[in-house]
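This report concerns only the one structure given below.
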Amino acid sequence: MPETPVREEHPRLSLPNFYYAQEDEVYQASEREGFTWSIHRPHTVVGYAVGNLMNIGTTLAVYASICKETGRKFIWPGSEAQWNGVSDVTDAKVLAKQLIWASTTETAKNQAFNITNGDLFRWKWLWKRLADRFGIEAEGFNGSIRPLEKELQNDHPLWKAITEKYDLKENHLNKLSSAWHTDLDLGRPLEVMCDMSKSRKLGFTAFKSTEDSFAEVFEKLKAERMIP
């Protein structure tokens, strides 16, 4: 298990990780071609996107919309550690700001940086607040993991009916929802938080409320007629 809070100087875990391979390619190319680099390590990116395969914001919005339409409870799908532990996420816009900052800041060259919103929360607090935005009933951890992928597996016809009823743009559930990835995010057996001291010391100050991150994604999905 990695030590938390996660810091940039922590050694690599002795496990296969394709991010390590990507970093090594960057290091080698930099030495060969003579360019500078920066590495950015977000935790659970939240932003507006349709059609990508790793999207917790859109996935939870679709799930909540189904719960509202059917009267089902908004059931926590993850682990006890994630439910009770401290966590953070990364707004896509905050990530973009750090990318620009690092590319234009001399002292940020050739370094790796954690990047999160800058706040901390517990899912057992945030889960109900997300449910309240949809006017649905939240249900927390009950002693076992209840995967969202299994919860939604038979809802493809239902989603098509919802899109027809509300004249939505996308009637393929799998093009909006990536339940398998949300299950991975929320099913981790440990709390996850990232230390932001390194970039803060160098002058990066962007901050975002995580609740606002989700709220903005939900509103954008509604405005684009992706959810009711």
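Just so it is clear, the structure is predicted and the values come from calculations on it, not from any experiment.
Interatomic distance, CG of Leu184 versus CD of Glu149, reported as 9.0 Å (0.5 Å rounding). From Leu99, atom CG reaches atom CH2 of Trp101 across 11.0 Å, with rounding to the nearest 0.5 Å.
Counting only distance, with no hydrogens or angles, the side chain of Asp91 and the backbone of Thr210 share no donor-acceptor pair below 3.5 Å. A donor-acceptor contact shorter than 3.5 Å links the side chain of Arg122 to the backbone of Asn84. Using a distance-only test at 3.5 Å, with no hydrogens or angles considered, no donor-acceptor pair links the side chain of Tyr166 to the main chain of Arg225. Looking at Ser103, its side chain does come within 3.5 Å of a backbone N or O of Ile100 through a donor-acceptor pair. Asn142 places a side-chain N or O within 3.5 Å of a backbone atom of Ser144 that can act as its donor or acceptor partner. Between the side chain of Asp195 and the backbone N or O of Arg7 there is no donor-acceptor pair closer than 3.5 Å.
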### Message
Working note: Thr44 + Asp185, criterion side-chain hydrogen bond (donor to acceptor under 3.5 Å, both in side chains); need CA distance, chi angles, decisive distance, verdict.
### Response
CA-CA 7 Å; Thr44 308; Asp185 265 337; 3.2 Å; yes
### Task
Would you sort out whether Phe141 and Trp76 count as a ring pair (Phe, Tyr, Trp, His ring centres under 6.0 Å), showing the intermediate values?
CA-CA 6 Å; Phe141 183 74; Trp76 169 254; 8.1 Å; no
### Task
Show your reasoning for whether side-chain contact (heavy atoms from CB on, under 4.5 Å) applies to Leu176 and Lys169.
CA-CA 11 Å; Leu176 290 174; Lys169 291 181 179 179; over 6 Å; no
### Task
Mind running salt bridge (charged side-chain N to carboxylate O under 4.0 Å, His left out) on Arg72 and Asp155 for me, showing each step along the way?
CA-CA 12 Å; Arg72 282 151 53 179; Asp155 286 335; 2.9 Å; yes
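For His181, there are no side chain to side chain donor-acceptor pair (under 3.5 Å) partners at least two apart in sequence or on another chain. Judged as a salt bridge (charged side-chain N to carboxylate O under 4.0 Å, His left out), and not counting sequence neighbours, the contacts of Glu211 are Arg129, Arg133. Partners of Glu191 according to the salt bridge (charged side-chain N to carboxylate O under 4.0 Å, His left out) rule, which considers only residues two or more places apart in sequence or in another chain, do not exist here.
Between Tyr63 and Thr182, every side-chain heavy-atom pair lies at or beyond the 4.5 Å cut-off. You'll find the side chain of Leu168 stays beyond 4.5 Å of the side chain of Met226, heavy atoms only. For the pair Pro189 and Gln82, the minimum side-chain heavy-atom distance is 4.5 Å or more. Between Asn117 and Ser209, every side-chain heavy-atom pair lies at or beyond the 4.5 Å cut-off. Gln111 is not listed as a side-chain neighbour of Ile39, based on a closest heavy-atom distance of 4.5 Å or more. No side-chain heavy atom of Arg146 sits less than 4.5 Å from a side-chain heavy atom of Pro77.
With Phe113 as the aromatic partner, Lys198 meets the cation-pi criteria of under 6.0 angstrom to the ring centre and within 45 degrees of the ring axis. For the pair Lys222 and Phe134, the cation sits on the ring face: its NZ or CZ lies under 6.0 Å from the ring centre, inside 45° of the axis.
Side-chain atoms of Glu23 and Tyr27 include a donor-acceptor pair closer than 3.5 Å. At a cut-off of 3.5 Å, with distance as the only test, a side-chain donor of Thr59 or Ser178 sits close to an acceptor on the other residue. With hydrogens and angles left out, the side-chain atoms of Tyr48 and Glu216 include no donor and acceptor closer than 3.5 Å.
Here the two rings, on Trp123 and Trp83, have centers that are 6.0 Å apart or farther.
Each of Ile227, Leu60, Leu221 was compared with Ser65 under the side chain to side chain contact (heavy atoms under 4.5 Å, CB included) criterion, and only Ile227 meets it.
In this structure, Met196 and Ile115 approach most closely via the heavy-atom pair SD-CA, 3.6 Å. Pairing each heavy atom of Leu95 with each of Pro42, the nearest pair is CD2-CG, 4.4 Å.
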